[in-house]
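What follows is a set of notes on a single structure, which appears directly below.
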Amino acid sequence: ESLPAFIEANTWQELCREWLLRASGHGLIPVPFEEVGGEWAGSFEIDVAGISMAEKSLVLGDCYWRETAMGLDAITELVQNVSTIIPKDEETWQVYFTLFSSSGWTDEAQAEARNIVLAASGRSRRRWRSMGIRLLDLATVDADLGQWSI
């Protein structure tokens, strides 16, 4: 009964972080980062976070293990929390989003993902700008990790 929650909180997050590291090594992530982990702040958690203090760049993502495709809410929630975790300095940070869903993403989420991110990064008083977004599913993560492990 609690196996899906365990997979989501442990195994799936680790696989997603591994994917991020390997994808970066293959040039698939447009911003540099030196460290990968997770981020917790107040009432929210970001499952995948890569950071480069020197380059002022972040890669942020969440990992979902569900039986149905994820929708726009997952993207919107992550984007709303960006300003809370960006270091408090005068620099503008580059942020790239990678979100993982075992069952994929709705057509609406795939169609609107870029618009949500661009709209949020273009608002005044933001200390970040979007470098893009990628939505991944289990089949893609599995295929990529299998290919990169050879």
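Counting begins at 1 with the first residue of the sequence. The structure presented is a predicted model; accordingly, all values stated were derived computationally and were not measured.
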What closest approach, in Å, do Gly50 and Phe33 show between heavy atoms, and which atom pair accounts for it?
C-CB, 3.7 Å

Look only at the side chain of Ser102 and the backbone of Arg66, and say whether a donor-acceptor pair between them is shorter than 3.5 Å.
yes

Taken in chain and number order and not counting sequence neighbours, the residues that satisfy side-chain contact (heavy atoms from CB on, under 4.5 Å) with Glu77 are Asn81

Tested for side-chain contact (heavy atoms from CB on, under 4.5 Å) against Val117, the lone hit among Val95, Leu78, Val82, Ile133 is Ile133

Closest non-hydrogen atom pair between Ile46 and Ile85, with its separation
CD1-CD1, 3.5 Å

Working for side chain to side chain donor-acceptor pair (under 3.5 Å), residues Thr76 and Asp73
CA-CA 5 Å; Thr76 303; Asp73 291 346; 5.4 Å; no

Can you see which heavy atom on Ser83 is nearest to which on Arg127, and at what distance?
O-NH2, 3.4 Å

Ser57 side chain to Pro32 backbone, donor-acceptor under 3.5 Å
yes

Separation between CG (Leu138) and SG (Cys16), nearest 0.5 Å, reads 9.0 Å

Backbone N or O of Phe6 within a donor-acceptor pair of the Asn10 side chain at under 3.5 Å?
yes

Judged by atom type as modelled, is there a donor-acceptor pair below 3.5 Å linking the side chain of Arg17 to the main-chain atoms of Asp47?
yes

Please report the C-alpha distance between Gln147 and His26 in whole Å, then the side-chain angles of each, then the deciding distance to 0.1 Å, and finally whether the side-chain contact (heavy atoms from CB on, under 4.5 Å) criterion is met.
CA-CA 11 Å; Gln147 178 184 356; His26 283 85; over 6 Å; no

Work out which heavy atom in Thr92 is nearest to a heavy atom in Arg129; give both atom names and the distance.
CG2-N, 4.2 Å

Please determine which of Tyr64, Trp65, Trp19 meets the ring pair (Phe, Tyr, Trp, His ring centres under 6.0 Å) test together with Phe100.
Trp19

Can you confirm whether Asp144 sits close enough to Arg22 that some side-chain heavy atom of one is under 4.5 Å from a side-chain heavy atom of the other?
no

Test side-chain contact (heavy atoms from CB on, under 4.5 Å) on Leu58 and Trp128; report intermediate values, then the result.
CA-CA 10 Å; Leu58 291 168; Trp128 62 278; over 6 Å; no

Shortest non-hydrogen contact from Val31 toward Val59:
CG2-CG2, 3.5 Å

What heavy-atom pair brings Ala109 and Gly71 nearest, and what distance separates the two atoms?
CB-C, 3.8 Å

